[in-house]
Amino acid sequence: MEKQNRSGTAGKVIRCKAAVCRNPGEPLVIEEIMVDPPKAWEIRIKILCTSLCHSDVTFWKISIGPFALFPRIFGHEAVGVVESVGEHVEEFQEGDMVVPVFRPNCRECRDCKSQKGNGCSIFGDKLVAEMPRDGTSRFKGMNGETLHHFLSVSSFSEYTVVDVVHVVKISSEFPAEKACLLSCGVSSGIGAAWKVADIEEGSTVAIFGLGAVGLAVAEGARLRGASKIIGVDLNQEKFEIGKKFGVSEFINPATCGEKKVIKEITDGGVDYSFECIGLASLMEEAFNSSRANWGKTVILGVEMHNTPLAINTYFLLRGRTVTGCFFGGLKAKSDIPILAQKYLHKEINLDGFITHEVNFQDINKAFDLLLEGKSLRCIIWMD
């Protein structure tokens, strides 16, 4: 039987508001929807606040192919409170403050138990459209139509249902808007610097793309004691913003050749380079800016045109490496609480990532701000 909760909504369908995308690239529409109760190994979450990530915008624009699923409820950076739990759920209970994450962490499979990566061999082999265990949706429109999930989170709704492998418990003392940031972008950047690159003190770093993820890489590099953190971006204003996160030099590719400049100011190339945009040509530039013999290039951006990466294998033979990472190599259930503690101990700058806040009714303004390059993270308050 479903576990009962104090509000009496456990096991019942909840009617609430959600921002539904009915067609690619169109403004979201605030609609009343129905959210089913959680099934086994699932929890239903009352979302406190959510934020807009570039991945939401990327999938919002897709009009053809298997990822073009509409109507859909986007959103995957959020924080909320557990409203009710399904059968076999022992890890969470009603009232817990939680952060949903797109990267699964079952903690039982070979991959989850390994320290070599953050994949999950049971749930992590593909980006599923609906719930991961049975492939069905927990959302319906008021006319009974199915509304599709997004990245196993769908946080642009007052209530959502998430599998337990996609949820992390967090202290109720943690500020909600800061917890929201740990769901994806900021964690991905810091994780890439700490776990994937494993930057050491005195290293030189180049970051291609100073959005929220790139700036989080800078924050991670700063905390590791990097001697030079070079930001590469077409937006000149990003230099002043980047300084708050440790960026020490700035290169605008429109005014100079970044590869040559980087090699000049680092005496032959950086120890670590990061590509945070998603362009194969930029990935190649990042690789070429790294130092011969040991330079390491970390790819965080999802290539937006499916263009293959072409690099000179001679440089690989000499010792350079290139690697990719999802969610910064972090294992959500063990690593997000560590990041949260570091923020509470005033070690990590999360506050600087929040540039705007809007209420749920104005969610489309968050899209406008991101598309105009005006925001890093816009917090969308549900209440």
Side-chain angles (χ1 to χ4, degrees), residues 54 185-186 188-190 192-193 196-197 199-305 307 309-312 315 320-325 328 349 352-353 355 370 372-376:
H54 270 285
V186 173
S188 295
I190 294 176
V196 181
I199 293 171
E200 68 273 4
E201 187 174 357
S203 302
T204 55
V205 174
I207 304 164
F208 290 74
L210 293 181
V213 174
L215 291 170
V217 171
E219 176 70 1
R222 177 186 71 82
L223 291 167
R224 279 292 179 92
S227 61
K228 273 191 175 67
I229 303 175
I230 305 163
V232 183
D233 202 288
L234 290 168
N235 185 348
Q236 196 68 33
E237 296 177 3
K238 289 293 179 71
F239 187 29
E240 285 304 313
I241 298 171
K243 288 179 181 178
K244 302 174 185 176
F245 301 96
V247 174
S248 54
E249 279 89 11
F250 181 81
I251 297 172
N252 187 334
T255 59
C256 63
E258 65 268 24
K259 180 175 68 174
K260 181 179 179 182
V261 173
I262 288 173
K263 290 199 170 183
E264 286 176 353
I265 63 179
T266 58
D267 189 26
V270 291
D271 299 309
Y272 302 98
S273 62
F274 298 82
E275 199 278 349
C276 305
I277 298 294
L279 286 171
S281 58
L282 205 57
M283 296 173 190
E284 186 176 352
E285 286 294 332
F287 178 79
N288 289 333
S289 72
S290 68
R291 188 173 186 83
N293 302 319
W294 67 69
K296 185 171 187 175
T297 300
V298 181
I299 307 298
L300 289 88
V302 178
E303 219 297 323
M304 56 187 76
H305 306 298
T307 304
L309 175 61
I311 54 178
N312 190 329
F315 296 128
R320 291 191 208 181
T321 58
V322 58
T323 186
C325 68
N349 172 18
F353 288 97
T355 53
L370 193 62
E372 293 165 5
K374 295 179 179 178
S375 75
L376 293 176

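Being a predicted model, the structure only gives us computed values, none of them experimental. Below, all heavy atoms of this structure are taken into account, side chains as well, without hydrogens, waters or symmetry copies.
Heavy-atom minimum distance, Gly214 versus Cys276: CA-SG, 3.8 Å. Across all their heavy atoms, Leu300 and Cys325 have their closest contact at CG-SG, 4.0 Å. Of all the heavy atoms in Val196 and Gly328, the pair that sits closest is CG2-O, 3.6 Å. Residue Val205 comes nearest to Ala221 through the heavy atom pair CG2-CB, 4.2 Å, listed as atom of the first residue, atom of the second, then distance. When every heavy atom of Ala212 is checked against every heavy atom of Phe353, the shortest pair comes out as O-CE2, 3.3 Å. Between Ala216 and Ile190, the closest heavy-atom pair is O-CG1, 3.5 Å.
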For Phe208 and Ile262: C-alpha separation, side-chain torsions, deciding distance, then whether side-chain contact (heavy atoms from CB on, under 4.5 Å) applies. CA-CA 11 Å; Phe208 290 74; Ile262 288 173; 3.8 Å; yes

Stepwise side-chain contact (heavy atoms from CB on, under 4.5 Å) check, Ile207 with Ile229: CA-CA 8 Å; Ile207 304 164; Ile229 303 175; 3.8 Å; yes

Evaluate the side-chain contact (heavy atoms from CB on, under 4.5 Å) criterion for residues Val270 and Arg291: first the C-alpha distance (whole Å), next the side-chain angles of each, then the deciding distance (0.1 Å), finally the verdict. CA-CA 5 Å; Val270 291; Arg291 188 173 186 83; over 6 Å; no

Please lay out, stage by stage, how Leu309 and Glu303 fare under the test side-chain contact (heavy atoms from CB on, under 4.5 Å). CA-CA 9 Å; Leu309 175 61; Glu303 219 297 323; over 6 Å; no

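Side chains of Leu215 and Leu210 form a contact here, defined as non-hydrogen atoms less than 4.5 Å apart.
Under the salt bridge (Lys or Arg N to Asp or Glu O under 4.0 Å) criterion, the residue pairs touching residues 208-223 are Glu219-Arg222, with sequence neighbours excluded. Among pairs with a residue in residues 265-277, those fulfilling side chain to side chain donor-acceptor pair (under 3.5 Å) read Glu200-Tyr272, Thr204-Asp271, Asp271-Trp294, Ser273-Thr297, at least two apart in sequence or across chains.
Of the possible polar contacts, none joining the Arg320 side chain to the Phe315 backbone as a donor-acceptor pair under 3.5 Å is found. Under a 3.5 Å cut-off, the side chain of Glu201 and the backbone N or O of Gly225 do not form any donor-acceptor pair. The backbone N or O of Ser290 sits nowhere less than 3.5 Å from a side-chain atom of Lys263 that would complete a donor-acceptor pair. Remark: the backbone N or O of Gln236 is not paired with any side-chain donor or acceptor of Asn252 at under 3.5 angstrom. The closest donor-acceptor contact from the side chain of Glu372 to the backbone of Lys374 lies at 3.5 Å or more, if one exists at all.
One distance of note links CD of Glu284 with CG of Asn312; it measures 9.0 Å at 0.5 Å rounding. Once rounded to the nearest 0.5 Å, the distance linking CZ of Arg224 with CD1 of Ile199 reads 7.5 Å. Between atom NZ of residue Lys243 and atom CD of residue Glu249 there is a gap of 10.5 Å, rounded to the nearest 0.5 Å.
With sequence neighbours left out, Phe250 forms a ring-ring contact (aromatic ring centres under 6.0 Å, His included) with Phe239. Listed by chain and residue number, Ser375, Leu376 satisfy the side-chain contact (heavy atoms from CB on, under 4.5 Å) test with Thr355 (two or more places apart in sequence, or in another chain). Among residues two or more places apart in sequence or in another chain, the ring-ring contact (aromatic ring centres under 6.0 Å, His included) test is passed with Phe287 by none. Scored by the salt bridge (charged side-chain N to carboxylate O under 4.0 Å, His left out) test, Lys244 finds no partners at all (sequence neighbours excluded).
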